[in-house]
Amino acid sequence: MPWASSLAGSHNVLTSLLNDTNSANRYFSSHIKHRNIGISAHIDSGKTTLTERILFYTGRINSIHDVRGKDGVGAKMDSMDLEREKGITIQSAATFCQWKDAHINIIDTPGHVDFTIEVERALRVLDGGVLVLCGVSGVQSQSLTVDRQMKRYNVPRVAFVNKLDRTGSNPWKVIEDLRNQLKLNAAAVQVPIGLEGDHVGVVDLIEMKALTFEGEKGENIIVSDEIPSDLVDMVEEKRTELIENLANADDEIAEMFLMEETPSVEDMKAAIRRQTIACKFAPVFMGSAFKNKGVQALLDGVVDYLPEPVEKPNFALDRSQKEEPVQVTGKSDDPLLALAFKVEETPFGQLTYMRIYQGMLKKGNQITNVNDGKKIKLARIVRMHSDDMEDITEAGAGEVVAMFGVDCRSMDTFSEGNMNLAMSSMYVPQAVMSLAIKPANSKMQNNFGKALNKFSKEDPTLRVKVDDETKETIISGMGELHLEVYIERMKREYNVDVISGQPNVNYKETISQKTEFDWLHKKQTGGSGQYAKVIGYIEPLTPEEQEELGTTNDFVNECIGTNIPPEYYSSCQKGVTDAMTEGSLVGSEVEGVRVVLQDGAHHAVDSSDQAFRTCTANAIRDAMKRARPSVLEPIMAVEVDSPTEFQGTVVAGVNRRMGLINSSDVSEDGSNVKVLADVPLANMFGYSTELRSGTQGKGEFTMEYSRHVAVPKNIQEELTKKFQQEREAAA
């Protein structure tokens with residue numbers, strides 16, 4: 001009976017595995033099942049609490065600690081002081097554990113939208129996910145984001161409805177949300193025994209057994225064939241619903257359903273596994289991680305329904321064949337292919353997290369960074385348990401390990417040097433907020449530079465640049481909290497006090513009409529001068545065209561003949577890139593422009609790469625001024641949750657900030673209201689303080705970048721005027 005096996009068995013398997021001298025050196029032996037999973041959800045849905053319970057039940061930790069660190073210890077996976085203080089997860093932490101005959105790598109990810117990149121990184125390298133949902137709030141804004149990310153990387157998932165011990169919990173509403181909002185073919189594989197204060201366990205709908213979790217930490221699982229009498233009808237109804245939903249996705253179950261046959265336990269488990277791996281079905285588990293209910297059954301579900309590393313197709317890009325996708329084998333015997341999905345500075349040097357897609361990593365071997373061709377000797381390989389580490393000598397395909405002494409950037413690919421394959425790159429969201437910063441004391445300049453270099457290597461969403469005119473250091477990120485955390489980390493980790501200016505919104509510029517250009521660049525300074533002429537036009541690109549092209553701007557070369565010699569085409573393209581870095585209205589980056597080069601002229605002596613680059617840049621800048629330029633501002637998708645009595649206050653607050661309200665839904669019991677709105681980021685500063693004071697501290701909100709749209713005419717004039725004044729003052 002898989003559900004009934006005692007935890008002691010799991011502890012013994014783990015202990016014997018770790019004591020075995022061979023397996024201390026190897027990650028896991030080949031006959032053991034293997035799962036790479038991520039636990040992700042909306043902020044405060046209980047991801048880290050769930051991981052803490054999983055680690056306890058699998059014998060990785062000996063005691064359970066709460067997230068906010070009230071007992072002075074804090075959750076194992078929140079290893080940063082800042083995480084324990086704020087009670088949120090900031091970085092992904094990696095750990096591994098053993099459950100029965102399966103080896104599970106778990107990456108606990110942040111739920112806060114400002115740390116979305118951590119979720120993206122985790123899902124890029126995982127084979128399966130656990131989507132945690134709050135039993136009271138159901139699907140929330142960040143659940144939608146996580147769902148989009150899982151779909152982007154085709155990650156099979158199981159769902160876990162958590163917090164069923166809370167007042168107002170309703171798992172059936174959550175499943176409806178999964179179907180309606182996330183458009184998932186989701187069905188419960190369990191029915192909870194009691195809700196709110198009476199929640200004691202679950203009924204397994206596949207094996208038709210009642211599971212209750214007893215003992216101080218829920219470690220004693222009582223399995224009974226007797227289903228509580230008040231649940232018999234509901235269990236029958238939900239089992240039929242499960243079979244119907246499975247039949248919609250799986251042909252074998254559909255055939256049985258039409259023949260009015262009852263599928264066996266093995267048939268149902270095989271069908272759920274097939275369709276979960278195919279991303280056509282999502283089994284829903286129930287429980288309460290905080291009250292230690294349902295976690296072991298979820299672990300069984302992870303092993304039963306999520307894929308082995310070889311079962312999920314992964315593709316590399318063949319650089320010698322114009323980045324043609326090539327499926328990786330997932331076998332340890334093949335040549336090495338591994339992806340560095342995260343880098344981190346530690347007191348011992350750079351720590352690089354690696355996912356091995358095929359081949360073996362062995363201590364002492366040489367590997368090659370495909371991106372820059374550098375050869376690296378592997379001095380040390382470790383497996384991670386949050387901030388603790390354990391040395392190993394080798395690791396095979398499908399494993400997630402970390403290495404020391406490897407100098408690389410996040411998302412670099414490694415091979416044995418004989419392959420020109422790169423693992424496909426990861427989607428990186430645009431930065432939406434900027435902040436001018438400088439060290440409080442000039443003596444701290446050295447550490448200030450080191451910190452920024454380290455943080456930008458670690459986190460692709462943190463951009464660092466020095467303004468050419470003001471010479472200020474500007475950091476850009478995903479929101480106020482994101483930038484605050486890095487400023488705080490500078491102080492704690494590098495002892496650098498930072499003075500920060502007002503946050504700036506990342507505006508963009510674009511054009512509204514097609515405009516031609518005909519530009520001559522001629523400069524005579526004695527000796528060979530500069531000569532170049534370019535002719536063509538610029539036109540707006542629609543958002544659909546940008547998405548199709550995969551870039552925000554496009555350069556098209558329609559030149560015929562050698563009026564512009566072919567060796568200068570690349571210089572013209574560089575000139576276009578130069579022109580796009582700064583628009584004429586507010587000095588922001590330009591997007592949504594197609595540049596078409598049609599003709600030009602050159603001089604046998606005076607033409608050069610630099611001449612054509614300068615000429616094209618000036619031609620485009622001049623044309624953009626005449627193409628009805630406009631300023632675009634970032635619009636945020638804002639979700640506000642508050643008690644119903646404050647609905648008027650919340651709606652008025654959003655309207656005051658020029659927000660467009662999309663929906664306003666009252667919860668089933670009428671206690672809470674959820675307002676969804678699109679609000680310009682420039683109007684969102686200080687909103688958290690206003691919301692707290694307006695709702696007696698009971699309201700909360702999350703926001704996420706949605707898109708850039710044109711600002712109203714009066715605001716564009718104000719922004720342009722302000723930019724001109726700043727430029728004159730700087731001059």
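The shortest distance between side-chain heavy atoms of Gln327 and Pro313 falls below 4.5 Å. Put simply, the side chain of Thr352 does not reach to within 4.5 Å of the side chain of Asp412, judged on heavy atoms. Within the 4.5 Å cutoff, no side-chain heavy atoms of Asp599 are placed close to those of Glu558. Using a 4.5 Å heavy-atom cutoff, the side chains of Thr562 and His602 are not in contact. Taking 4.5 Å as the limit, every side-chain heavy atom of Leu585 sits out of range of all side-chain heavy atoms of Tyr507. Within the 4.5 Å cutoff, side-chain heavy atoms of Glu591 are placed close to those of Leu632. Contact of the Val464 side chain with the Phe455 side chain is not registered, since no non-hydrogen atoms from C-beta on lie closer than 4.5 Å. Residues Val590 and Thr552 fail the side-chain proximity criterion, which asks for heavy atoms closer than 4.5 Å.
No option in Ile535, Thr616, Val595, Asn618 other than Val595 meets the side-chain contact (heavy atoms from CB on, under 4.5 Å) test with Phe517. Val534 pairs in a side-chain contact (heavy atoms from CB on, under 4.5 Å) with only one of the listed residues (Val576, Ile564, Ile620), which is Ile564. When each of Arg594, Lys514, Gln513 is tested with Glu539 by the rule side-chain hydrogen bond (donor to acceptor under 3.5 Å, both in side chains), just one qualifies, namely Arg594.
By the 4.0 Å N-to-carboxylate-O rule, Glu589 lies too far from Arg463 to be salt-bridged with it. Between Lys574 and Asp578 there is no salt bridge, since no side-chain N of the basic residue sits under 4.0 Å from a carboxylate O of the acidic one. The residues Lys522 and Asp606 are annotated as not salt-bridged, no charged nitrogen and carboxylate oxygen being separated by less than 4.0 angstrom.
In terms of modelled atom types and a separation under 3.5 Å, the side chain of Gln530 and the main chain of Lys523 share no donor-acceptor contact. Judged by distance alone, the side chain of Glu509 and the main-chain N or O of Pro629 form no donor-acceptor pair under 3.5 Å. The backbone N or O of Ala604 sits nowhere less than 3.5 Å from a side-chain atom of Ser607 that would complete a donor-acceptor pair.
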Residues Ser476, Asn506; criterion side-chain contact (heavy atoms from CB on, under 4.5 Å); working and verdict: CA-CA 8 Å; Ser476 309; Asn506 280 15; 4.1 Å; yes
Quick one: do Val650 and Leu691 satisfy side-chain contact (heavy atoms from CB on, under 4.5 Å)? Show the steps, please. CA-CA 7 Å; Val650 168; Leu691 182 65; 4.1 Å; yes
Checking salt bridge (charged side-chain N to carboxylate O under 4.0 Å, His left out) for the pair Glu582/Arg727: CA distance, chi angles, key distance, verdict? CA-CA 13 Å; Glu582 191 176 297; Arg727 181 165 267 188; 2.5 Å; yes
In sequence, state the C-alpha distance, the side-chain angles, and the governing distance for Phe555 and Cys572, and then conclude on side-chain contact (heavy atoms from CB on, under 4.5 Å). CA-CA 9 Å; Phe555 174 73; Cys572 293; 4.3 Å; yes
Begin with the C-alpha distance, continue with both residues' side-chain angles, and end with the deciding distance and a verdict on side-chain contact (heavy atoms from CB on, under 4.5 Å) for Val586 and Lys722. CA-CA 8 Å; Val586 292; Lys722 184 183 168 197; over 6 Å; no
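Note: Lys721 NZ to Glu718 CD = 8.5 Å, rounded to the nearest 0.5 Å. Atoms CG and CD, on Asn563 and Gln598 in that order, are 12.5 Å from each other to the nearest 0.5 Å. Atom CZ of Phe414 and atom CG of Leu339 lie 9.0 Å apart (nearest 0.5 Å). Between the CD atom of Gln573 and the CG atom of Asn557 there is a distance of 8.5 Å, given to the nearest 0.5 Å. To the nearest 0.5 Å, the span separating NZ on Lys465 from CD1 on Ile475 amounts to 13.0 Å. Note that the NZ atom of Lys508 and the CE atom of Met580 stand 13.0 Å from one another [nearest 0.5 Å].
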Name the atoms and distances for all side-chain donor-acceptor pairs under 3.5 Å in residues 651-665, with sequence neighbours left out.
unit_1 : atom_1 : unit_2 : atom_2 : d
Asn655 : ND2    : Val651 : O      : 3.4
Arg656 : NH2    : Glu690 : OE2    : 3.1
Arg657 : NE     : Glu690 : OE1    : 3.3
Arg657 : NH1    : Asn683 : O      : 2.5
Arg657 : NH1    : Phe685 : O      : 3.2
Arg657 : NH2    : Glu690 : OE1    : 2.6
Ser664 : OG     : Gln647 : NE2    : 2.9

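When all heavy atoms of Ala316 and Leu337 are compared, the closest pair comes out as CB-CD2, 3.9 Å. Heavy atoms only, all atoms of each residue included: Ser630 and Ser512 are closest at OG-OG, 4.1 Å. Contact record, Ala611 with His521: O-CD2, 3.7 Å, taken as the closest heavy-atom pair. Between Leu541 and Val593, the closest heavy-atom pair is CD1-O, 3.8 Å. A pairwise comparison of heavy atoms in Asp609 and Ser571 identifies OD1-OG, 2.8 Å as the closest pair. Closest of all the heavy-atom pairs between Ala619 and Trp519 is CB-CB, 3.4 Å.
Cation-pi geometry between Arg355 and Tyr357 is met: under 6.0 angstrom from the ring centre, within 45 degrees of the axis.
Relative ring orientation between Tyr531 and His603 is described as tilted, the plane-to-plane angle lying within the 30° to 60° band.
In the displayed structure, Glu547 atom CD is contacted under 6.0 Å by at most 12 heavy atoms of other residues, nucleotides or ligands.
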